[in-house]
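The block underneath contains the structure these notes are about, expressed in structure tokens.
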There are 2 protein chains.
Amino acid sequence: MSQMTMQEIARLSGVSLATVSRTIKNPQLVRPKTRERVLSMMAEHNYVYHATAADLSRRKSSVIGVTIPTTRNPVFASSSLAIQEIAQKKGFSIILGNTHHDAAIERQLLQSFQERHVAGMILTGFTLHQEAYLNNLARAGIPCLVIWEKLDEPWLSYIGFDNFKAARSMTEYLISLKHRRIGLIIGPFSKIGRVKKRLDGYRSALQDHNIAFDPDLVIEKEPLLYDGKEAMTRLMFLPKRPTAVFAASDMLAIGALSAAWDLGFNVPQDVSIAGFDDIDFAAYCSPPMTTVRVPSHEIGRLAAKYLIEAIEQGSMPLRHHCLDTDIVVRNTCSELR
Amino acid sequence: MSQMTMQEIARLSGVSLATVSRTIKNPQLVRPKTRERVLSMMAEHNYVYHATAADLSRRKSSVIGVTIPTTRNPVFASSSLAIQEIAQKKGFSIILGNTHHDAAIERQLLQSFQERHVAGMILTGFTLHQEAYLNNLARAGIPCLVIWEKLDEPWLSYIGFDNFKAARSMTEYLISLKHRRIGLIIGPFSKIGRVKKRLDGYRSALQDHNIAFDPDLVIEKEPLLYDGKEAMTRLMFLPKRPTAVFAASDMLAIGALSAAWDLGFNVPQDVSIAGFDDIDFAAYCSPPMTTVRVPSHEIGRLAAKYLIEAIEQGSMPLRHHCLDTDIVVRNTCSELR
DNA sequence: CTGAAAGCGCTTACAG
DNA sequence: CTGAAAGCGCTTACAG
């Protein structure tokens, strides 16, 4: 048990506790000779700094809380990676939790973040109806950033993109390829704000082009490969099947592609498929997936950067940062014959 | 600033600090009347428990440190998800860090875990040559579990599987399909222990079947899609190209599949491809990937379970847990014509 | 059932 | 350049 404390090191080096603390945090305040003696004592006795005690004493923390819907969907990997890299470089630790899009779990997670007195939080795609709680946090002076959403509440900060616009663009792209019977496989829009926006974008595009909305053509699923496959199978067995399918998440799209392949449909000759997210795998499907590119890494990078700035400055300016998305045309969509 | 402390709540409720602490942690020790008064005060004033201070005072912690090579490779998602779920349920928070297979980063991460006085650590596929450091941790009484590796050091605990055996089996499977010219696309075996074992497994299988080892046929890459594609392209342009390719990571295998598709090779008719890991996507490739199934979720589940048991009991029994892998035969491998 | 007090391992004015 | 002392927000014997 290397139970060495500063107190011990101080005694062993014949200096005061304060001096040990200084040689660690402000070495320039300590005479080189003294410093060396203390340092060598620490090395010799395997001293380990107690960051938690320091945080408490200093009344500030160096950990950041991050929530993610689920690690299972690689779409969030890229932004969370960016956050981790920047945080690590700046000396912050990350506490991570999966919400599974469950309001109760998310709530509990935020609670635990707060109890650990994190310096700030980044919430990836937070569940609807927690705004009140977020307000509490803001009032408690905890910098808090929502990412992957474009929030409607002007008093909450976010870094995201326009899910409505992105989904509408992709639908329009499909329409521009002469498709009029366009299936939609989509995540749980009844639970998740940004997914709802995608549904709305799809409907808006149809409406603008005088295409009647057909509820049989939209299937709500969890954003998982299996679900995408199942949904696609269902769509392809419809009496009047779609000529194009927009899967509003690459997980769903890749599942859908696999279904098409199994059923013997050629993509894109027999049916077009479009995805959303541009996860790494999208470019490596056969054929490579046409999808919506989302600035995932950039979102994470900005979030970490802004949050850490806010922590260091002691106050969080409101951020409403909406990044651009674009359509990556690859080979899963073609003009209707 | 909701700077409410127990002290404040105590004053407001006309009881002592100790009583407030008790109504939170040991309510049965407090008279119901008192308890209620305190509770309602806490609610009214939005009191937030300070877990960090409590940890310090109690001289124990309720956070677990977890390292992962990189969130970018979804192969680790499944075990890390399992860890998080269990930890969350048991009231532990997770600090996460990516090592990128870089010894210096990993070292720094472990250091920060130690400084935060985590209750225990789970290290996913740790870098070679940190054994000494791990020993320190063990001696300091910090339960520590390495996962995804089968360690040779008997005094270190791990939960993993036999990379050597798994790779040898897959190679033998390919040989059983009459292939004798088998390419190997593999991760950085010079840096990572478990990858080296896979290389050894491949070589051992060849040797057992009197197939000469051809260095031109093995390509060392980072386990990324892009790298898999590049490596496969290189292999297929070899003067004497392989009839089967074992990509010792599904990321590499999926990249390889994409290359084959681009180059106009049919899989498996023109060339067989086998993967390793059985990530979710493997089953949804076109065609579905034959690969090595690794009990990823189970590894995470066991690791979290054992670690938390150790934390609660105050001591860590040595664990050498080697789980089974098996070959999932899907459609990317066929007999040599 | 409740309170006073010591202590967890640090930091940080304040004095010298 | 260094030290003594108060304090961060809790927990936990010990006494009553």
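Here is the naming used below: chain letters follow the sequence lines, and residue numbers restart at 1 for every chain. These values consider heavy atoms only, across backbone and side chains, with no hydrogens, waters or symmetry-generated copies.
Under 4.0 angstrom from either OP1 or OP2 of C/dT11 there lies at least one side-chain N or O belonging to A/Tyr49. Between B/Thr5 and D/dG9 there is no side-chain N or O to OP1 or OP2 distance below 4.0 Å. Residue B/Thr34 places at least one side-chain N or O under 4.0 Å from the OP1 or OP2 atom of C/dT2. Dashed line: the shortest gap from a side-chain N or O of A/Ser21 to OP1 or OP2 of C/dC10 is not under 4.0 Å. Side-chain nitrogen and oxygen atoms of B/Arg31 include at least one within less than 4.0 Å of the OP1 or OP2 phosphate oxygen of C/dT2. For A/Ser57, no side-chain nitrogen or oxygen approaches OP1 or OP2 of C/dG9 to under 4.0 Å.
Between B/Tyr158 and B/His320, the distance from one ring center to the other falls under 6.0 angstrom. Ring centroid separation for the pair A/Phe76 and A/Trp148 comes in under the 6.0 Å cut-off.
Among the atoms of the strands shown, none is found under 4.0 Å from any heavy atom of B/Glu8. Within 4.0 Å of B/Ala18, counting heavy atoms only, lies at least one base atom of the nucleic acid.
C/dT11 atom C1' lies 10 Å from atom CZ of A/Arg22, rounded to whole Å. Going from atom CG of B/Asp55 over to atom P of C/dC10 covers 15 Å, rounded to whole Å. Here the C1' atom of nucleotide C/dG3 and the CZ atom of B/Arg11 are 17 Å apart, to the nearest Å. In this structure, the CZ atom of B/Arg59 is 10 Å from the C1' atom of C/dG9, given to the nearest Å. Taking atom CG of B/Leu29 as the reference point, atom C1' of C/dG3 lies 14 Å away to the nearest angstrom. Look at CG on B/Leu17: it is 12 Å from C1' on C/dA6, rounded to the nearest Å. Computed from coordinates, the A/Met6 CE to D/dA4 P distance equals 16 Å when rounded to whole Å. The nearest whole Å value for the distance from the CD1 atom in B/Ile24 to the C1' atom in D/dG9 is 11 Å.
Using Watson-Crick or G-U wobble geometry with both donor-acceptor distances under 3.5 Å, D/dA4 finds no partner in any strand shown.
Side chain of A/Asn26 to main chain of A/Gln28: no donor-acceptor pair is present (N/O by atom type, distance under 3.5 Å, no hydrogens or angles).
Closest-nucleotide positions on DNA chain C for A/Arg58 and B/Thr19 were compared, and the one nearer the 5' end corresponds to B/Thr19.
Atom name C1', nucleotides C/dG16 and C/dT12: the rounded distance is 16 Å, in whole Å.
More than 12 non-hydrogen atoms from other residues, nucleotides or ligands lie less than 6.0 angstrom from CZ of A/Arg116.
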**Asked** Under the salt bridge (Lys or Arg N to Asp or Glu O under 4.0 Å) criterion, do B/Asp102 and B/Arg107 qualify, and how do the steps go?
**Response** CA-CA 8 Å; B/Asp102 177 316; B/Arg107 183 61 172 273; over 6 Å; no
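Considering only the side chain of A/Pro32, D/dC1 comes nearest among C/dG9, D/dC1, D/dC10.
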